[in-house]
Amino acid sequence: MAETTGPSRKEWLGVWLKERLRYEWLLRRPAPAHLAIANRDERLEAAPDGGGQACLWRFTSRLHAPRLQPELGRRLLHRSLATAPIRRRAAPGWGDGPPELSVLIGHRGSERLPLLLATLDSLAAQENVRLECLVIEQDSEPRIANRLPPWVRHIHGPLPDPTAPYNRSHTFNLGARQAHAPVLLLHDNDMLVPAGYARRLLERIARGYAVVNPKRFVFYLDEVHSDRVLAGSEEYGARPAEAIVQNLEAGGSMAITAEAYAAIGGMDEGFVGWGGEDNEFWDRCLTRPTWTWGYEPIVHLWHRGQPLKHQRDNPNLERARAVMERPAIERIAALRPAPVPGLVSTIIPVHNRSALLREAVASVLEQDHRPIEIVIVDDGSSDDTGAVADGLAAAHPALIRVIHQPNGGPGAARQRGLDHSRGEFVQYLDSDDLLLPGKFSAQVAALNGSPEARIAYGPSLEEDHSRHPIQRRGPMRATGTPLERLFPLLLLERWWTTSCPLYRRELLERIGPWQPWINEEDWEYDGRAGAAGAALVWVPSEVSVRRIHMGDDHLSDRGHLDPRKLADRARAQDSLLRSALAAGVDRRSPEMARFSRSAFLLSRQCGAAGAEQASHRLFQLARRAGSWQRRRRLEFLAYRLLAAVLGWGRAARLTMGVRTRLPPGSRPGGNMA
């Protein structure tokens, strides 16, 4: 870490008056309360499951109070490692089988070899997970192969010019090409991690996140302390850390799926020397579902600083600033292969629907447009759906490919299918819906005839299979009406079904990935398309069928009172409002007023169900959207005071109970209230 000047009296006084009591309170409370420690002028956001904190700061920051009162830092280090202890072993204890995680570590020279060996010992102590570890040595000659433990794979990856400075991007790209696991851990050779580190990473990846940044606190040891650790000491908290950095956003250690790594173009090898490459890569990672809530402590071993790394005139940092002036999506497009012109890629997520899957796939194969491809994502099916999907791919090997993954929900499944597709145009199709003949030819022609349009849609029908006889009706909602933009109507409802629109890939790459949610992820996705100003083109022919059936196994159905489902719904509504405002929807429009009433009702429903955090978030959302109305401001003020007295859950149950006793016509705001 860079040297800092001594503290002033004002700084000392500020810590005692404004920070010391908060540190004491959080350090004395049970874990994970200590994760909420931050500088006094910073704001934290808790993870959806409460297991992590994101500092809402644009850049990584160093904790201020421990610099002035090192004892606070020592106690924070002790508490962090008591919760997530670091262990070291010479050899791993996991059994045989394919690796679940590939750890990639770049290395050059001999000075940091002791640090690398200590890092490998902490990785060998990982529990309940199978790792492979690749050390990529970027040196003119292989110098450390015989010094590494037998369980580590050594890769010699010299640069074409052996005199060139170290290129960290080159080492990771080389390692990613030779890795065998579906998840990559990009890790530095000077960082010790807790024994459950890898397992916790994979748990979050299994939820549908493509990128996980787990680092909450990085404890930088001084030279004396680091030497003791390298000599075998495990008393990591024996001395205060030289510095404590929170939510190190870019480098150090982060996990990314191998597919997402390829999808965003890997690391940019134009960065030569130290600095900049991590920041640019992280910016592209944020175009994928990213876990940003830090929860892990990491111990950083001391070494001499790299030349130019922290200097303002570092050419790599200057290059990073210049490169990042271009949108991330443009940089991704430059680093990855271009889409296939004219190709329509259909992405079908499926879970336990073998019979319906056959019919959905048949409706795609019957399209008269060519070329086409179908990507089926088997989202953790427990019946014969996976085998049926494999059979369809075997029958049509040139057109269909199948991806099998653990159950992660519809958003994660659609994004994985998108990452595996190559078409200029993209069709999402739920496995219980159908495409009607001529859909692709009509919508591709419409998009080609309207270069400014990014989405084509048309009348969509519904079939209710819960009633007999089965009848088709439609067009559903606004799909029979020519509209130029998604908003403002999208603020009130998702007025088409997933199978209705055909998208240009260029738009999807611009708006970013599907969220790994299990509720309202489709509404939120189209909201971002609307925020981008995506122009629509309408075709008069009927294009798709939404089938309502008796089965209850929907990818987005996880129970009405599921806390995660309610939290996802709150976040989706928050994103939808931001998208509407970005699209230019008037804050005083009727649509905004109705959205506010709907969000307020949903807030009370969440509170009555026990989801108080979602209830609070939706209330703030409703107030932000509807506070321009004087009567609504008074209503919000009264409810906020009631919640302050009773709590969000009791206030919601009380007001919902009163509401159900009122006749519909006398309810405040009508049925939308």
Side-chain angles (χ1 to χ4, degrees), residues 208 344-367 372-381 383 385-386 388-389 392 400 402-403 405 407-418 420-421 425-436 439-440 443 455-466 470 472 474-477 479 493-503 508 513-526 529 542-558 565 568 572:
V344 176
S345 299
T346 300
I347 297 161
I348 307 177
V350 62
H351 179 79
N352 291 353
R353 282 185 184 155
S354 56
L356 292 170
L357 176 64
R358 291 189 182 95
E359 297 173 20
V361 169
S363 74
V364 182
L365 295 174
E366 290 168 2
Q367 296 294 311
I372 65 171
E373 68 172 354
I374 301 173
V375 182
I376 301 172
V377 183
D378 172 27
D379 192 46
S381 295
D383 61 1
T385 298
V388 168
L392 291 168
I400 301 176
V402 179
I403 302 167
Q405 68 175 27
N407 182 257
R414 293 188 191 111
Q415 185 58 46
R416 191 167 186 195
L418 182 64
H420 275 264
S421 66
F425 306 101
V426 176
Q427 170 73 58
Y428 296 113
L429 176 60
D430 288 347
S431 57
D432 55 345
D433 292 344
L434 301 172
L435 306 183
L436 292 175
K439 180 186 196 293
F440 288 172
Q443 291 183 321
I455 306 175
Y457 76 102
S460 185
L461 308 181
E462 284 186 322
E463 285 182 352
D464 191 343
H465 286 243
S466 65
I470 297 171
R472 286 186 178 179
M476 64 174 292
R477 301 173 188 167
T479 60
E493 64 174 352
R494 189 171 186 251
W495 50 266
W496 60 30
T497 190
T498 302
S499 57
C500 176
L502 183 72
Y503 303 87
L508 303 186
W514 287 85
Q515 296 291 352
W517 299 345
I518 58 176
N519 197 27
E520 292 190 357
E521 79 296 330
D522 45 8
W523 197 359
E524 189 273 345
Y525 189 73
D526 283 327
E542 296 171 344
V543 297
S544 64
V545 178
R546 175 178 180 259
R547 297 197 287 183
I548 305 170
H549 51 86
M550 294 297 292
D552 60 357
D553 191 8
H554 294 260
L555 280 177
S556 59
D557 182 12
R558 298 293 186 273
K565 187 173 183 179
D568 287 349

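Owing to the predicted nature of the structure, the values given are computational and were not obtained by experimental measurement. In this chain, numbering begins with 1 at the start of the sequence shown.
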Nearest-0.5 Å distance that lies between atom CG in Leu434 and atom CD in Glu359 | 6.5 Å
Taking the side chain from Asp433 and the backbone from Arg547, do they hold a donor-acceptor pair closer than 3.5 Å?
-> yes
What closest approach, in Å, do Tyr457 and Gln443 show between heavy atoms, and which atom pair accounts for it?
-> CA-NE2, 3.4 Å
Compare all side-chain heavy atoms of Ile455 with those of Trp496 and state whether any distance is below 4.5 angstrom.
-> yes
Heavy-atom pair of closest approach, residues Gly386 and Asp378 | CA-OD2, 3.5 Å
Any donor and acceptor pair, going by atom type alone, linking the side chain of Asn352 with main-chain N or O of Ser381 inside 3.5 Å?
-> no
So, the side chain of Glu520 versus the backbone of Ala572: is there a donor-acceptor pair under 3.5 Å, distance only?
-> no
Taking all non-hydrogen atoms of both residues, which atom of Pro501 and which atom of Lys439 are closest, and how far apart?
-> O-NZ, 3.7 Å
Check: Ser460 side chain, Cys500 main-chain N or O, donor-acceptor pair, under 3.5 Å = no
So, Gln367 side chain and Leu436 main chain: donor-acceptor pair closer than 3.5 Å or not?
-> yes
Search all heavy atoms of Ala360 against all heavy atoms of Ser431 and return the closest pair with its distance.
-> CB-O, 3.7 Å
Give me the ring orientation class for Trp514 and Tyr525: parallel if the planes are under 30° apart, tilted from 30 to 60°, perpendicular past 60°.
-> parallel
Within a strict 4.5 Å, meaning less than it, do heavy atoms of the Arg414 and Thr498 side chains meet?
-> yes
When rounded to the nearest 0.5 angstrom, what is the spacing between CD1 in Ile518 and CG in Asp568?
-> 5.5 Å
Asp430 and Ser499, any side-chain heavy atoms less than 4.5 Å apart = no
Looking at side-chain heavy atoms only, is the closest gap between Leu365 and Ile374 below 4.5 Å?
-> yes
Straight-line distance of His351 NE2 to Thr385 OG1, nearest 0.5 Å | 8.0 Å
Going through the distances and angles, do Tyr503 and Tyr428 end up as a side-chain contact (heavy atoms from CB on, under 4.5 Å)?
-> CA-CA 9 Å; Tyr503 303 87; Tyr428 296 113; 3.7 Å; yes
